[in-house]
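In the text below, chain A, chain B and the rest are named by the order of the sequence lines, each starting its count at 1.
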Amino acid sequence: MHDIKAIRQNPSTYDKAWARRGLDPQTKAILDKDILVRQALKVQQEAESARNTASKQIGMAMREGNKAEAECLKTEVAGAKNVIAAMGVQIEAEKSVLNELLAGLPNLPSDSVPDGVDEDENVDLRIWGEPTKFDFKPKAHDDLGAALGMMDFETAAKMSGSRFVVLSGKLARVDRALAALMLDIQTEENGYTECVPPVLVRAPTLYGTGQLPKFEEDLFKTTGDHYLIPTAEVSLTNIVRESIIDADKLPIRMTAHTPCFRSEAGSAGQDTKGMIRQHQFNKVELVSIVKPEDSEAEHIRMLSCAEEILKRLELPYKVIELCTGDLGFGARKTYDIEVWLPSQNCYREISSVSNCGDFQARRMNARYKHAEKDNRFVHTLNGSGLAVGRTLVAILENYQNEDGSITVPKALVPYMSGVEVIS
RNA sequence: GGAGGGGUGGCAGAGUGGUUGAAUGCACCGGUCUUGAAAACCGGCGUGCACGGAAGUGUACCGGGGGUUCGAAUCCCUCCCCCUCCGCCA
């Protein structure tokens with residue numbers, strides 16, 4: 001939720017920032033509603049004050065046995081109550097419109113984010129390694145996996161439809177090994193605390209991180225009141241919801257390996273082949289809760305934590321900074337890491353690391369004790385460290401041999417019980 | 001799934017219709033005393049919102065929402081959560 005007081009004070013800052021994301025001016029509509037709400041609120045509060053005063057007088061009159069005066073006061077109260085109720089209806093209606101406006105508006109991009117309308121204007125920051133060279137024509141991961149007999153989309157489709165896969169044998173093991181490797185690095189070297197959070201959450205939780213109310217169609221919902229998480233960012237970030245954290249507890253760094261579920265509404269026709277875009281995939285997620293002044297440095301740090309995995313696996317990658325037009329709803333600044341995929345002859349997203357500033361913290365009401373009587377909103381950051389499924393894809397493609405076997409990256413061998421080649 | 005008991009300020013814990021935003025204790029902050037500290041004593045000590053330059057004033061909040069009433073922490077409905085016992089179960 002955006003800070004309505006800040007918008008009142010500085011509407012042009014907001015409109016300018018939103019304009020960078022391609023939005024029309026919003027603050028006029030917001031402030032018009034805000035004025036109406038406050039005017040009605042004032043009238044209501046005055047009526048409440050009158051009611052409270054009269055009620056107390058009724059109590060006194062009754063005690064003194066002055067029935068006539070009590071009755072007279074009761075009509076006064078009844079009048080006030082009419083005003084209160086009328087204003088209440090009006091306030092509720094206007095507030096819900098106002099909240100809908102505020103809740104539906106994305107975070108403001110950080111000043112440092114490059115302008116741009118879409119992903120074509122994202123900025124390359126650096127390239128690590130070199131695109132893998134082959135002296136044969138490299139195959140796509142799904143062809144490799146199918147040939148190995150360890151990646152079966154048809155069987156998955158029989159039970160679940162499209163965008164699912166059954167991994168088996170050594171490839172299933174790679175999925176587990178990757179998760180273990182990632183978790184070990186993030187917990188033992190980078191200071192993240194391993195968590196096993198719920199993957200089913202309620203609506204207010206998703207509201208907190210910004211998936212709701214605007215992006216419900218991207219989520220799977222149960223027949224009850226739960227949604228499946230699209231990323232562990234949701235569960236991990238909401239760990240601090242509705243709390244006031246002692247300053248000396250910050251930063252809080254958490255990681256979790258969970259399945260993620262995405263309906264992929266609107267992505268029909270994209271990446272229909274292979275494991276790149278599935279309804280279900282595993283991911284090791286990183287979340288940091290920090291003081292506002294620390295979030296920029298934490299963002300850089302988190303990015304390097306994610307990069308570290310690719311370095312260990314010796315997978316070539318590229319780091320890009322998203323332009324304003326490609327920024328996610330809750331992010332004020334985002335770095336993406338893209339891994340080299342030989343079969344597509346390009347880099348594809350494998351991690352996204354975002355600083356959300358206080359955007360999610362406001363929605364979750366997550367604060368920290370800044371000083372006596374001064375609680376401030378924390379900053380939240382999240383990043384993939386990494387998407388396990390896509391890392392498996394990258395390994396298959398970059399480590400393939402001409403005979404269709406896969407060399408296991410050195411760093412992964414210990415996690416594979418010593419297996420060095422998958423064939 | 002069945003039966004019962006609870007959710008009150010940072011914590012503990014009173015409070016079952018009327019000046020209660022809420023006793024008391026602990027914690028915390030300021031002060032007195034002390035060489036210093038402790039103890040003792042005195043004072044202070046919730047949050048959101050609105051109005052105001054500020055001091056402050058008003059209002060709402062005792063798990064969430066709704067209702068009864070002139071008036072609700074207190075009565076009613078509903079939802080959520082926690083606990084105990086029974087049943088079932090990875």
Side-chain angles (χ1 to χ4, degrees), chain A residues 1-10 30-99 101-103 196-208 212-213 221-227 235 238-250 258-259 358 361-378:
Chain A
M1 183 61 67
H2 291 284
D3 183 358
I4 184 70
K5 286 185 193 164
I7 295 174
R8 268 179 221 146
Q9 276 175 342
N10 221 335
I30 291 167
L31 294 177
D32 285 352
K33 272 293 165 211
D34 180 50
I35 287 278
L36 290 178
V37 170
R38 283 189 294 159
Q39 282 172 346
L41 197 60
K42 196 176 176 190
V43 174
Q44 187 188 43
Q45 289 189 352
E46 281 163 2
E48 283 170 338
S49 184
R51 176 203 62 190
N52 290 348
T53 310
S55 279
K56 283 175 187 171
Q57 287 169 345
I58 289 170
M60 289 192 282
M62 299 279 264
R63 208 170 315 159
E64 289 161 12
N66 194 341
K67 278 245 165 87
E69 196 190 332
E71 287 308 316
C72 173
L73 285 162
K74 278 187 192 183
T75 52
E76 203 176 296
V77 169
K81 284 179 74 170
N82 284 338
V83 175
I84 293 165
M87 288 301 111
V89 170
Q90 196 179 323
I91 289 165
E92 201 176 330
E94 276 151 5
K95 251 197 164 159
S96 79
V97 174
L98 181 60
N99 284 338
L101 278 171
L102 289 172
V196 181
V199 300
L200 287 170
V201 297
R202 292 215 192 94
T205 309
L206 288 152
Y207 176 86
L212 290 180
K221 193 176 191 305
T222 67
T223 53
D225 294 331
H226 294 108
Y227 293 83
S235 313
N238 274 281
I239 283 174
V240 298
R241 72 179 289 114
E242 292 159 51
S243 65
I244 299 170
I245 303 158
D246 287 337
D248 60 17
K249 295 270 196 322
L250 298 174
T258 68
D358 65 5
R362 287 181 181 283
R363 290 173 160 246
M364 297 188 301
N365 197 22
R367 294 169 294 170
Y368 76 102
K369 197 163 272 305
H370 175 255
E372 273 307 304
K373 313 189 97 188
D374 186 16
N375 299 324
R376 297 193 181 173
F377 290 109
V378 295

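Of the candidate nucleotides B:rC70, B:rC49, B:rG48, B:rC49 has the atom lying nearest to any side-chain atom of A:Gln45. Closest contact between the side chain of A:Ser49 and the listed nucleotides B:rC51, B:rG58, B:rC49 involves B:rG58. Considering only side-chain atoms of A:Arg38, the nucleotide from B:rG48, B:rC51, B:rC49 that sits closest is B:rC51. Of the candidates B:rC70, B:rC49, B:rC80, B:rC49 carries the atom nearest the A:Leu41 side chain, counting heavy atoms from C-beta on. Listed nucleotides: B:rA60, B:rC70, B:rC49. Nearest to the side chain of A:Arg51: B:rA60.
Across the protein-nucleic acid pair, A:Tyr368 atom OH and B:rG10 atom C1' stand 19 Å apart, rounded to whole Å. For the pair A:Asn52 CG and B:rA72 P, the computed distance is 8 Å after rounding to whole Å. A:Glu242 places its CD atom 17 Å from the C1' atom of B:rG46, with the value rounded to the nearest Å. The CG atom of A:Asp3 sits 13 Å away from the C1' atom of B:rC49 (whole-angstrom rounding). We find that CG of A:Asn365 is positioned 15 Å from C1' of B:rG63, with the value rounded to whole Å. Whole-Å rounding puts the A:Glu48 CD to B:rA50 P distance at 14 Å. Between the CZ atom of A:Phe377 and the P atom of B:rG48 there is a distance of 9 Å, given to the nearest Å. Atom C1' of nucleotide B:rC49 and atom CD1 of A:Ile84 are separated by 16 Å, given to the nearest angstrom.
Crowding of A:Asp248 atom CG: a count of heavy atoms from other residues, nucleotides or ligands under 6.0 Å exceeding 12. Counting heavy-atom neighbours within 6.0 Å of A:Lys221 NZ, excluding the residue itself, gives a total above 12.
Separation of the C1' atoms belonging to B:rU47 and B:rC62 is 13 Å when rounded to the nearest angstrom. Using P as the reference atom, B:rG67 and B:rC61 are 13 Å apart when rounded to the nearest Å. For the P atoms, the distance linking B:rC83 with B:rA12 amounts to 15 Å, nearest Å. The C1' atoms of B:rC79 and B:rG7 are separated by 14 Å, rounded to the nearest whole Å. B:rG63 and B:rG13 have their P atoms separated by 15 Å, given to the nearest Å. Straight-line distance between the P atoms of B:rC85 and B:rA27: roughly 34 Å, to the nearest whole Å. Rounded to a whole angstrom, the distance from the P atom of B:rC70 to that of B:rU16 is 23 Å. B:rU59 sits 38 Å from B:rU32 when the P atoms are compared, rounded to a whole Å.
Checking B:rA39 for Watson-Crick or G-U wobble geometry (two distances, each under 3.5 Å) identifies no partner in any strand. Using the Watson-Crick or G-U wobble rule with both distances under 3.5 Å, B:rA55 pairs with nothing in any strand shown. Across all strands shown, B:rU20 remains unpaired; no Watson-Crick or G-U wobble contact has both distances below 3.5 Å. Across all strands shown, B:rG46 forms a Watson-Crick or G-U wobble pair with B:rC61, both key distances being under 3.5 Å. Within the shown strands, B:rG10 is the pairing partner of B:rC26 under the Watson-Crick or G-U definition, both distances less than 3.5 Å. Nucleotide B:rU84 has B:rA3 as its partner under the Watson-Crick or G-U criteria, with both atom distances under 3.5 Å.
Interatomic distance, OG1 of A:Thr205 versus CD1 of A:Ile239, reported as 11.0 Å (0.5 Å rounding).
As judged by a 4.0 angstrom heavy-atom cut-off over every strand, A:Arg362 is placed among residues making no nucleic acid contact. When heavy atoms are screened at a 4.0 angstrom cut-off, A:Lys95 is found touching no nucleic acid atom at all.
Between the A:Arg362 side chain and the A:His2 main chain, no donor and acceptor come within less than 3.5 Å of each other. In terms of modelled atom types and a separation under 3.5 Å, the side chain of A:Thr222 and the main chain of A:Gly224 share a donor-acceptor contact.
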TODO: May I have the step-by-step check of side chain to side chain contact (heavy atoms under 4.5 Å, CB included) for A:Phe377 and A:Asp3, ending in yes or no?
DONE: CA-CA 11 Å; A:Phe377 290 109; A:Asp3 183 358; over 6 Å; no
Open item on the list: One pair to check against side chain to side chain contact (heavy atoms under 4.5 Å, CB included): A:Arg8 and A:Arg38. What are the steps and the verdict?
Closed with: CA-CA 12 Å; A:Arg8 268 179 221 146; A:Arg38 283 189 294 159; 3.4 Å; yes
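For A:Arg8, a side-chain nitrogen or oxygen approaches OP1 or OP2 of B:rA50 to under 4.0 Å.
Nucleotides of RNA chain B nearest to A:Glu46 and A:Lys56 differ in position, and the one nearer the 5' end is that of A:Lys56.
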